[in-house]
2 protein chains.
Amino acid sequence: MSSEQLAAWGQTTAAQVRKDLSHFGSFGKRGLGYQAGELCERLRTLLGIDRSWKVALVGAGRIGLALYEYPAFRSRGYDCVAIFDSDPEKIGTAWGDQSICSLDVFERVMEERDVELVILAIPADAAQEVASRAVEAGVNGILNFAPIRLNVPDEIPVEDVNLVIELEALSFQITQRKKDV
Amino acid sequence: MSSEQLAAWGQTTAAQVRKDLSHFGSFGKRGLGYQAGELCERLRTLLGIDRSWKVALVGAGRIGLALYEYPAFRSRGYDCVAIFDSDPEKIGTAWGDQSICSLDVFERVMEERDVELVILAIPADAAQEVASRAVEAGVNGILNFAPIRLNVPDEIPVEDVNLVIELEALSFQITQRKKDV
DNA sequence: CTTACTTTGTGCAAGTTGTCACAATGATGT
DNA sequence: ACATCATTGTGACAACTTGCACAAAGTAAG
Ligand SMILES: NC(=O)c1ccc[n+]([C@@H]2O[C@H](COP(=O)([O-])OP(=O)(O)OC[C@H]3O[C@@H](n4cnc5c(N)ncnc54)[C@H](O)[C@@H]3O)[C@@H](O)[C@H]2O)c1
Ligand SMILES: NC(=O)c1ccc[n+]([C@@H]2O[C@H](COP(=O)([O-])OP(=O)(O)OC[C@H]3O[C@@H](n4cnc5c(N)ncnc54)[C@H](O)[C@@H]3O)[C@@H](O)[C@H]2O)c1
């Protein structure tokens, strides 16, 4: 695969692809391009995503269910090893092979199962408290679906997912284009 | 609210906030800061997100359900006016006040209900075909959950949501930090 | 009114990112 | 063996972005 092809795929330019890759080393063969499989492998290693991670899901609601049953997580190395919820109706029931735990045992379970990442799929007003407890329990990163800016130490990365903003980005592009014409 | 406060909130610097805003005009009062409500309003207008949009949901599966029942969409001006699915078991049943339509009536319904945005929550191998039909039917933008790069005309914006990549971004930051220490 | 204080808007300098263009390198065919 | 072709890796430069610093403008209080 040539840098030209990679650029088309990634919506950028050939020069950009080559320069970006060159920061990590020299992967291609002149006159021939890059060997896709090998490139992919080496990049996964460089990015640190060539291993699997233990994940806990907090919030067994609608979005939590969709995520839990999403096969792409497991196949890319993200193993859900615990589910938490505060709803007494849900606690004790099971999804697949995971039974839903109470937050009372949060710290113990997090440590026992060596959880590294937490997915927060709970209402905004509960998110900060659980985030703080997760950090306290030694979590390494947080994927947050609640529409709130979490306050955590600088060294703990947080990725926010905000689907409303995605829609607004579309709306913005649409109105912008209409103006240009 | 001062540029200093806005900067803390948005994880940037005060100078950056002021310069960015100054591109659109002069919103603040010296010695006093910005009036938050008014600023918000004026930015929403400038960004073209001060009106409501008609949205169709394609794919009444797990993620589709979570999205459909997510109240933040409606409250920010995104009205779901149609749901489509290909599963005969689902067609004809209703979610709230919307009954699920067959793709047979896709073009007709899209036009009748004046759909402007489409949310694609269907398997990757069906996404391209529906995307093309949606464009043909005059849609203005697509929010795509399927893990595939859609091929649509340049003038139709597409926003991709890929949650695996969000997790991988976390993993990357974590390994990176470990190396620095 | 005047003085002390706060905060904006912006010119300028420093830093970062993207593009161009081309020598170097290897593949391929005669 | 050689000529031709495709494509990389990179230096030089252009374009863009960010941060600094300060005059201008406004508030507040005596
Ligand atoms: N549904 C969506 O499409 C969507 C999209 C983006 C973001 N979000 C956000 O994700 C979060 C969850 O959304 P949802 O639609 O799944 O809501 P939901 O109401 O279906 O589920 C929330 C779950 O969290 C549990 N819960 C409440 N407080 C808790 C606590 N303190 N600890 C543990 N569990 C607790 C509830 O029992 C429930 O099971 C919300 O913050 C929402 O804004 C949802
Ligand atoms: N579940 C998640 O958390 C999640 C997260 C991110 C992305 N995704 C992606 O979103 C898509 C849907 O995921 P899901 O978990 O909701 O799957 P799902 O199997 O629960 O739902 C898919 C739905 O699409 C319908 N469908 C299939 N082919 C169709 C077609 N041609 N036209 C209309 N409807 C059709 C099915 O009948 C089903 O109702 C997939 O591409 C998946 O990769 C899912």
Side-chain angles (χ1 to χ4, degrees), chain A residues 1-50 149 153-155 157-160 162 165-166 168-169 172-173 175-177 179-180, chain B residues 1-50 149 154-155 157-160 162 165-166 168-170 172-173 175-177 179-180:
Chain A
M1 214 175 202
S2 68
S3 56
E4 203 72 56
Q5 290 172 282
L6 289 167
W9 179 250
Q11 315 228 24
T12 176
T13 62
Q16 189 70 66
V17 169
R18 293 202 300 275
K19 183 147 281 180
D20 284 0
L21 291 177
S22 77
H23 288 298
F24 288 123
S26 187
F27 301 112
K29 273 203 165 49
R30 296 177 186 214
L32 198 62
Y34 301 85
Q35 219 266 299
E38 188 208 319
L39 177 63
C40 205
E41 206 53 54
R42 295 185 61 181
L43 286 178
R44 291 186 67 83
T45 305
L46 280 163
L47 294 172
I49 54 176
D50 59 339
R149 197 37 83 70
D154 278 354
E155 65 271 19
V158 174
E159 288 286 324
D160 288 301
N162 188 325
I165 290 182
E166 304 281 340
E168 290 180 342
F172 170 67
Q173 289 174 66
T175 27
Q176 220 57 16
R177 257 164 247 229
K179 266 182 214 144
D180 284 0
Chain B
M1 212 175 204
S2 68
S3 56
E4 203 73 56
Q5 290 172 281
L6 289 167
W9 179 250
Q11 316 228 21
T12 177
T13 61
Q16 190 69 67
V17 169
R18 294 202 299 276
K19 183 149 280 185
D20 285 359
L21 290 177
S22 77
H23 288 297
F24 288 123
S26 188
F27 301 112
K29 272 203 165 48
R30 295 177 185 211
L32 198 63
Y34 301 84
Q35 218 269 300
E38 187 208 320
L39 177 63
C40 206
E41 205 53 54
R42 294 185 62 180
L43 287 178
R44 290 186 68 82
T45 304
L46 279 163
L47 294 172
I49 54 176
D50 58 340
R149 198 33 84 72
D154 278 354
E155 66 272 18
V158 175
E159 288 285 323
D160 289 299
N162 189 325
I165 290 182
E166 304 280 340
E168 289 179 342
L170 275 183
F172 170 69
Q173 289 173 66
T175 25
Q176 220 58 15
R177 257 162 247 229
K179 265 181 214 143
D180 283 1

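Letters A, B, ... are given to chains in the order of the sequence lines, protein chains preceding strands, and every chain is numbered from 1.
- The shortest distance between the side-chain N/O atoms of B/S26 and the OP1/OP2 oxygens of C/dG9 is below 4.0 Å.
- Counting non-hydrogen atoms under 4.0 angstrom, A/T12 reaches nothing in the nucleic acid.
- Contact between the side-chain N/O atoms of B/Y34 and the OP1/OP2 oxygens of D/dG26 is not found at any separation under 4.0 Å.
- Between A/E4 atom CD and D/dA6 atom C1' the separation is 11 Å, expressed in whole Å.
- Under 4.0 angstrom from either OP1 or OP2 of C/dT7 there lies no side-chain N or O belonging to B/S2.
- Spacing between atom CD of A/Q35 and atom C1' of C/dG26 amounts to 16 Å, rounded to whole angstrom units.
- A distance of 13.5 Å separates CZ of B/R44 from CZ of A/F172, quoted to the nearest 0.5 Å.
- Between the CZ atom in A/R42 and the CG atom in A/D50 there is a gap of 13.0 Å [rounded to 0.5 Å].
- A close approach under 4.0 Å does not occur between any side-chain nitrogen or oxygen of B/R18 and OP1 or OP2 of C/dG9.
- Taking 3.5 Å as the limit, the base of D/dT17 and the side chain of B/K19 contain no donor-acceptor pair of atoms between them.
- Taking CG of B/L43 as the start and OH of B/Y34 as the end, the distance is 10.0 Å to the nearest 0.5 Å.
- Here C/dT7 presents its C1' atom at 12 Å from CG of B/L6, a figure rounded to the nearest Å.
- For A/A15 and A/G31, each mapped to the nucleotide of DNA chain C holding its nearest heavy atom, the one lying further toward the 5' end belongs to A/A15.
- Atom CZ of A/F27 and atom C1' of D/dT7 are 17 Å apart (whole Å).
- The side chain of B/Q16 places no N or O atom within less than 4.0 Å of a non-bridging phosphate oxygen (OP1 or OP2) of D/dT17.
- Rounded to a whole Å, the NZ atom of B/K29 is 12 Å from the P atom of D/dA28.
- Note that the CD atom of B/Q173 and the CD atom of A/E155 stand 12.5 Å from one another [nearest 0.5 Å].
- If you take CG of B/D20 and P of C/dT10, they are 13 Å apart, rounded to a whole angstrom.
- Atom-to-atom distance recorded for B/L47:CG and A/T175:OG1 is 8.0 Å, nearest 0.5 angstrom.
- In this structure, CE of B/M1 is placed 19 Å from P of C/dT6, rounded to the nearest angstrom.
- For C/dT7, its base never sits under 3.5 Å from the side chain of B/R30 at any donor and acceptor pair.
- The separation between A/L21 atom CG and D/dT8 atom P is 10 Å, rounded to whole Å.
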